[in-house]
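Here is the naming used below: chain letters follow the sequence lines, and residue numbers restart at 1 for every chain.
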Amino acid sequence: MKLIDIMEKVKAEVLCGSEFLNTEVQYAFGSDLMSDVLAYVKGNTLLLTGLTNPQVIRTAEMADVVAILFVRGKIPGKDVIDLAMENSMAVLTTKYTLYTTSGILYSEGLRGIEQD
Amino acid sequence: MDNIRYDFEIEKDDFERAGEASSSIKKILRQLGLNSGIIRRVAIAAYEAEMNLVIHSNGGSIVIEIDPRKVTIFANDKGPGIKDVKLAMKEGYSTASDRIREMGFGAGMGLPNMKKCSDDFSIKSILKEGTFIVMKMFLKDGD
Ligand SMILES: Nc1ncnc2c1ncn2[C@@H]1O[C@H](COP(=O)(O)OP(=O)(O)OP(=O)(O)O)[C@@H](O)[C@H]1O
Ligand SMILES: [Mg+2]
């Protein structure tokens, strides 16, 4: 699913990386636990989270997450956005909760990561 | 390829800079042209180690060595050491405070993750002295 379509489905706003909106993501993963993100994510993934500290971007960087969607209307500070820009990541925010956002995107065909 | 070595000092509780060492490591490996699979494993292992130094230790260092056959990460700190290493290696075991959990850490997954990312993993801990971790990722044809 393209980021631009994801944006539309969950009425998200772009915080940075609008130049990457045509990027295709294969999976999504929702978590507020960074070590779980590091353990589960396997490339080409959209990360859904309600955490907005710089560690979220660092974690995403290490796990090769391509874009981050903040839920519950969360908007991170400028330092976090700057770090995301340095790492060429798209960052979006939606007012929906994690559950609702996941439900919408799942029903649109964006699947989660299965453990092997 | 000649052997390459980089040292990074890691400060206790320095959440501002936490992750910078691992980010640098990732960039170094990219510049060397290693394949994305091994870069990912090294970056994740280094980052988990770096966060553990920031969160649980009195400070220490992350050292990375690259030789033609492997990438080695050394994570050494100045204490307080781990009382029961076997327990600490269990998925879900964590002594992280509520403040740390609010930041998204403390799932008790870091050490098991590091082991999973490594081809060879060793941990030694001496109470009051420190914890010493060595992780090796072997380069295969094509890396
Ligand atoms: N360098 C260290 N010095 C002292 N204690 C440590 C160190 N590294 C880990 N520990 C201890 O081992 C436990 C397990 O570590 P692990 O990295 O697996 O989980 P965590 O850091 O608590 O949570 P997570 O890594 O999922 O955010 C820690 O909670 C801590 O008690
Ligand atoms: Mg940890």
Checklist entry - Could Lys78(A) and Asp82(A) be called an ion pair, given the rule that one side-chain N must be under 4.0 Å from one carboxylate O? => result yes
Item to check | Donor-acceptor side-chain pairing of Glu48(B) and Ser35(A) below 3.5 angstrom | outcome: yes
Next on the checklist: Whether the Tyr96(A) and Lys11(A) side chains hold a donor-acceptor pair (N or O, under 3.5 Å, no angle test) is what I'd like checked.
Outcome noted: yes
Item to check | Heavy-atom proximity to chain A below 4.5 Å, by part of Glu102(B) | outcome: backbone
Checklist outcome for this item: With chain A, the option among Ser23(B), Ser22(B), Gly110(B) that has the most non-hydrogen atom pairs under 4.5 Å is Ser23(B)
Checklist entry - Phe138(B) ring centre to Arg69(B) NZ or CZ under 6.0 Å, with the angle to the axis within 45°? => result no
Checklist entry - Side chain, backbone, both or neither: which part of Thr52(A) has a heavy atom under 4.5 Å from chain B? => result neither
Item to check | Top contributor to chain B interface from Val56(A), Asp79(A), Leu83(A), Thr59(A) [non-hydrogen pairs under 4.5 Å] | outcome: Thr59(A)
Next on the checklist: Which one wins on heavy-atom pair count under 4.5 Å against chain B: Asp64(A), Ile57(A), Asn53(A)?
Outcome noted: Asp64(A)
Next on the checklist: side-chain contact (heavy atoms from CB on, under 4.5 Å) for Arg30(B) and Ile39(B)? Distances and angles first, verdict last.
Outcome noted: CA-CA 7 Å; Arg30(B) 264 210 208 112; Ile39(B) 294 179; 3.9 Å; yes
Checklist entry - Hey, does the side chain of Glu50(B) reach the backbone of Ala21(B) with a donor-acceptor pair shorter than 3.5 angstrom? => result yes
Checklist outcome for this item: So, the part of Asp32(A) with a heavy atom under 4.5 Å from chain B: the answer is backbone
Item to check | Region of Leu51(A) in contact with chain B, defined by heavy-atom distances below 4.5 Å | outcome: side chain
